[in-house]
Number of protein chains: 2
Amino acid sequence: MGVTIKDIAKRLGVSATAVSKALNDRDDVSNELKVKVRKIAEEMDYSPNSLAKRLVTNKSNTIGVFMFSRQKNSGHDPFGFQFLSGIMEEANRNGYDIVLFSTDSDLLAEKSYIKLCKERKVEGAIFTGLRLDDPHLEEIKESPFPISIIDTEVKGNNVSFISTDNRKGVRLALNYLWKLGHRRIAIINGHKKAMVSHLRYNAYKEFLEEKGQFREELVFTGDFTERSGYLCGGKILELKDRPSAVFVASDLMALGVIKKFKEEGLKLPEEMSIVGFDNIFPGEFNEPALTTIGQNAFEMGVEAVNWVLKRINGEKGNKKILLEPELIIRDSCDTNQFQWLERVTAKS
Amino acid sequence: MGVTIKDIAKRLGVSATAVSKALNDRDDVSNELKVKVRKIAEEMDYSPNSLAKRLVTNKSNTIGVFMFSRQKNSGHDPFGFQFLSGIMEEANRNGYDIVLFSTDSDLLAEKSYIKLCKERKVEGAIFTGLRLDDPHLEEIKESPFPISIIDTEVKGNNVSFISTDNRKGVRLALNYLWKLGHRRIAIINGHKKAMVSHLRYNAYKEFLEEKGQFREELVFTGDFTERSGYLCGGKILELKDRPSAVFVASDLMALGVIKKFKEEGLKLPEEMSIVGFDNIFPGEFNEPALTTIGQNAFEMGVEAVNWVLKRINGEKGNKKILLEPELIIRDSCDTNQFQWLERVTAKS
DNA sequence: TTAGATAACTTTAACGTTAAAGTTAGGAGT
DNA sequence: ACTCCTAACTTTAACGTTAAAGTTATCTAA
């Protein structure tokens with residue numbers, strides 16, 4: 001069908017190997033031949049068959065990507081695309097192809113991720129949104145090729161953990177609220193199947209215990225959806241002794257909480273301060289604009305690729321890469337609590 | 001390195017071809033052998049080498065995807081991911097792999113999209129966000145493999161156009177505003193390098209000319225960003241004779257317009273009605289919640305894949321697929337204009 | 001009984017590329 | 001004049017799979 005190396009060889013009266021070498025700029029062919037070959041290749045509109053090349057060199061130059069999106073099909077997972085942009089750019093920059101697998105196709109019902117990857121001969125893989133109860137977790141641990149997992153830590157010889165420093169992020173949020181004078185701070189956490197939920201809960205508990213202010217009854221659990229935030233918001237309002245602030249483990253849930261609070265007539269941020277986590281776009285447009293902890297999703301994708309590439313090249317490198325979170329102050333926290341606290345402290 | 005068909009063959013004392021046939025469930029091998037082969041394959045953890053298979057069968061089972069994202073890296077393009085979800089699911093459902101190309105890598109500086117695809121032997125490709133001034137447009141027109149282009153129409157033998165029915169969408173929006181009583185309706189359109197901008201402008205002009213209400217001075221042009229919406233909002237406020245409603249050709253811009261209007265103290269929706277286009281997530285959380293025209297991005301991805309697959313299978317099919325837009329009524333339009341209009345009409 | 005069919009294989013070659021091991025002519029060194 | 005070297009190739013084989021064309025032994029039908 002297409003033009004091959006052989007066609008060029010025939011036309012020039014040389015061997016296919018010579019053409020191959022010329023095209024790859026090897027130093028055991030003359031410059032003359034290189035020039036000729038390139039000219040003819042151009043003329044005949046030759047394009048190399050990467051399948052053949054990959055087969056013979058036993059190098060696929062491919063990275064597999066699996067995205068288990070938190071909110072399937074809804075497009076409410078703006079991180080998915082940001083991860084992917086980072087992955088794509090970094091991979092292509094290094095001459096690697098990205099093969100993307102849908103994580104709820106029939107394919108996965110029959111074959112494991114690892115099997116799928118082996119067939120494609122991918123040199124490495126990247127997972128996002130992997131849950132702690134995933135049935136293939138054991139297999140991942142023993143992967144023969146390197147895997148970067150974003151936001152889920154799986155202990156394995158060939159597996160890395162790429163994430164935001166969640167502990168630091170939570171402390172950034174809580175410390176901000178603390179300095180504003182808040183003492184009763186509730187948490188709305190994500191579901192337990194996400195690794196980050198554990199990290200965030202632990203950091204929350206640690207921080208408040210340090211301050212002697214941890215209260216079991218202020219811990220609420222959602223599932224990262226807006227709806228669940230809305231529901232938890234309702235529960236918070238039912239509390240006899242309401243908190244003055246809520247740390248919400250995802251912006252999407254935070255949006256739901258705020259919706260509920262507004263519906264119930266709360267003045268925001270005066271009557272309740274809220275800090276989210278993620279820094280998704282809609283938070284900027286919410287009223288009040290959402291104060292949150294920003295994650296650099298694009299960069300996480302880049303790091304995920306880099307770790308895999310390092311492994312492929314035989315380097316060892318740290319298996320845990322945590323990016324810096326960032327406190328993004330907008331309008332969802334009451335900044336006057338501080339003055340209130342000062343008055344209280346002055347009195348005592 | 002890995003286990004091959006030959007290893008299985010050796011172990012069973014049969015030919016490699018027999019093993020291949022058994023694994024592919026051909027009918028010229030005995031059931032006995034099939035059973036044995038499958039057992040051994042499992043036992044040896046065999047996985048087929050798709051590269052070899054693709055090379056010999058001359059079928060790559062791969063579709064290339066290029067996404068020129070409107071807002072690079074910002075993650076403000078929630079459609080990108082929705083398209084992709086649809087593409088991914090439908091492709092994998094049909095046994096096809098998706099290879100994703102970053103559209104601003106060095107790769108593309110050197111090689112054209114088509115060349116990249118040829119090397120990977122993709123059977124078809126999908127483009128999103130392609131601009132009318134793209135330097136490779138001519139090459140796309142003459143593509144040897146089928147290409148679905150989302151939201152940009154390129155006339156070519158092997159090229160299809162997958163989009164929302166933009167004309168219908170615009171008419172849905174304008175008709176809604178018209179029925180609410182609006183007569184001076186401005187438009188903030190996207191830049192001219194996007195095909196949809198032309199379609200939307202034409203539909204806008206057509207509708208208002210039908211009503212004898214088209215005014216050149218009410219046409220504004222942004223570039224799909226929030227910032228440009230904000231700027232156009234300012235220009236609208238400078239008008240001596242203000243419109244009572246604005247149709248904005250993207251939600252992102254609509255958010256910007258609203259921001260500007262609110263900053264300038266306009267009461268919304270009473271003093272200005274706004275309809276967006278796209279139905280992106282943040283619109284729901286805006287105040288007022290954005291009335292808009294919804295596009296089904298997931299389904300557009302699915303259709304794009306389906307067209308390509310049809311072509312691959314030799315079917316002809318329509319080269320233009322338009323999905324139905326949907327009017328999503330929220331709170332950004334003043335519904336009392338209608339009464340006002342009734343009063344006016346009653347008087348005359 | 002014997003040609004013909006059929007089931008269940010095997011053999012050969014090919015896909016397009018490259019790695020590894022030749023080959024050859026000409027030049028350098030002594 | 002001889003060996004040795006080097007540049008610039010060519011030849012052979014391989015990567016793992018499958019298509020196409022054999023090869024048997026056994027069965028079928030008249």
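Chain letters run A, B, ... following the sequence lines, proteins first, then strands; residues in each count from 1.
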Round to a whole Å and report the spacing from NZ of A:Lys36 to P of D:dC9.
8 Å
So, is A:Lys53 near the phosphate of C:dT18, with a side-chain N or O under 4.0 Å from OP1 or OP2?
yes
Can you tell me the distance, in whole Å, between the CG atom of B:Leu51 and the P atom of C:dA14?
22 Å
Candidates C:dT18, D:dC9, C:dT17 - which lies nearest the side chain of A:Leu33:
D:dC9
Nearest 0.5 Å, what's the OG-CG distance between B:Ser50 and B:Leu55?
11.0 Å
In whole angstrom, what separates A:Asp28's CG from C:dT18's P?
13 Å
Hey, could you give me the CD1/CG distance between B:Ile87 and A:Leu100, rounded to the nearest 0.5 Å?
9.5 Å
Rounded to whole angstrom units, what separation is found between the CG atom of A:Leu12 and the C1' atom of D:dA8?
15 Å
Any side-chain N or O of A:Ser15 less than 4.0 Å from the OP1 or OP2 oxygen of D:dT10?
yes
Here the distance between atom P of C:dC15 and atom CD of B:Glu119, to the nearest Å, is 20 Å
Look at the side-chain N and O atoms of A:Arg26 and state whether any lies under 4.0 Å from the OP1 or OP2 oxygen of C:dT18.
no
How long is the line joining CG of B:Asn49 and C1' of D:dT18, in whole Å?
13 Å
The answer to which of B:Leu55 and B:Ala18 contacts DNA chain C further toward the 5' end, by nearest nucleotide, is B:Ala18
Do A:Lys21 and D:dT10 have a side chain to base donor-acceptor pair shorter than 3.5 Å?
yes
Do the rings of A:Phe127 and A:Phe68 sit parallel, tilted or perpendicular, given the 30° and 60° boundaries?
parallel
Does B:Ser30 make a side-chain N or O approach to OP1 or OP2 of C:dA7 shorter than 4.0 Å?
no
Rounded distance (Å) that lies between atom P of C:dT18 and atom CG of A:Asp27
16 Å
Under the salt bridge (charged side-chain N to carboxylate O under 4.0 Å, His left out) definition, can you give me all pairs with a residue in residues 10-24 of chain A, not counting sequence neighbours?
A:Arg11-A:Glu43, A:Lys21-A:Asp28
Per the side-chain contact (heavy atoms from CB on, under 4.5 Å) rule, which among B:Lys155, B:Lys320, B:Lys319 passes with B:Phe161?
B:Lys320
Does B:Thr57 get its side chain close enough to the base of D:dA19, under 3.5 Å, for a donor-acceptor pair?
no
Any side-chain N or O of B:Thr17 under 4.0 Å from OP1/OP2 of C:dC9?
no
Round to the nearest Å and state the distance from B:Asn58 atom CG to C:dT17 atom P.
12 Å
